[in-house]
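Note that ligands are numbered from 1 as they come in the structure, with each ligand's atoms numbered from 1 the same way. Note that the structure is predicted; figures quoted are calculated from it, not measured.
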Amino acid sequence: MKQLTEVQLQDNWNKLIQVIKDTFEDGSERRENLLRMYHDLENRMIMAPASGKEEYHYCHVGGYVEHVLHVVDTALKMSDTYEAAGGHKNWTDEELIFSALHHDLGKVGDLNDEYYVPQDNDWRRKTLGEVYTSNTNIPNMRVPDRALFLLQHFGVKCNVNETLAIKLADGLYDEANAYYMKVFDSKRSLKNHLPYIIHWADHMATTVEYDEWKRGDEDEKEEMESRIENIKSVTVEKQEQKHEDPVLENKHKDLFEELFGDKS
Ligand SMILES: [Fe+2]
């Protein structure tokens with residue numbers, strides 16, 4: 001499993017804060033409230049994983065911030081791709097970045113406690129790969145709902161595009177989203193496609209992160225196999241040298257005969 005160093009954790013955190021400073025207007029209420037929220041949640045957010053199971057995405061300390069940065073970057077590219085494909089972009093970059101930044105905010109926990117806590121059941125850790133489990137001491141809420149709760153608590157206003165983009169980030173993986181996304185009446189269908197951009201970006205980033213985890217395992221396996229091969233080849237080489245050296249072989253033969261030969 002991926003492990004970030006203290007320097008990497010701090011570096012990712014600094015990048016996240018810089019994105020906020022670069023995106024939201026200096027001195028604006030939104031920027032100030034966001035920075036207050038990030039300051040209050042810093043200790044927990046910097047350590048939070050992005051998921052609880054090893055085979056999911058970025059299930060490691062610092063995975064949350066890493067994943068959020070990944071989604072922001074991918075969402076910007078996805079938005080450009082949408083336009084390049086002929087789509088009409090009716091959202092601003094600020095709305096896009098704001099939604100990407102907060103689509104998983106609920107994973108940080110509530111005001112008092114974290115959402116992901118270490119799985120202390122040994123069997124579940126080993127058999128199911130559950131590194132973390134959800135904290136049942138905090139109210140049971142869907143991740144996007146908790147994200148919107150936290151934002152309103154810190155006085156961070158979201159417009160309707162951002163609210164829907166955060167709420168629908170899981171796309172149709174969340175059945176409740178069918179109410180918004182599986183609509184066969186053009187009058188009721190989404191009037192803005194930012195939720196799709198955030199969902200596609202999140203889905204792509206998550207898939208890449210899964211590959212990275214899987215690749216990491218395979219890389220480790222390949223490295224181990226190559227080490228074993230290397231050890232084997234060195235052993236075989238030594239054995240071959242042993243039999244190929246006639247002087248040494250004769251010495252061994254002489255010694256053998258001296259010790260066990262027929263002395264009569
Ligand atoms: Fe996500």
TODO: Measure from the Fe ion (ligand 1) to every N/O/S atom of D104 and report the name of the nearest one.
DONE: OD2
Open item on the list: For the metal site, I want the angle between atom NE2 of H67 and atom NE2 of H103 with the Fe ion (ligand 1) at the apex, to 10°.
Closed with: 100°
TODO: Specify which N/O/S atom of D202 comes nearest to the Fe ion (ligand 1), by atom name.
DONE: OD1
Open item on the list: Is the distance from the ring center of Y38 to that of H102 below 6.0 Å?
Closed with: yes
- [ ] For R36, look at atom CZ and say whether over 12 heavy atoms of other residues, nucleotides or ligands are found less than 6.0 Å away.
- [x] yes
TODO: Find out whether the Lys NZ or Arg CZ of R44 is both under 6.0 angstrom from the six-membered ring centre of Y64 and within 45° of the ring's axis.
DONE: no
Task: Neighbour count >12 (heavy atoms, 6.0 Å) for atom OH, Y56 - done: no
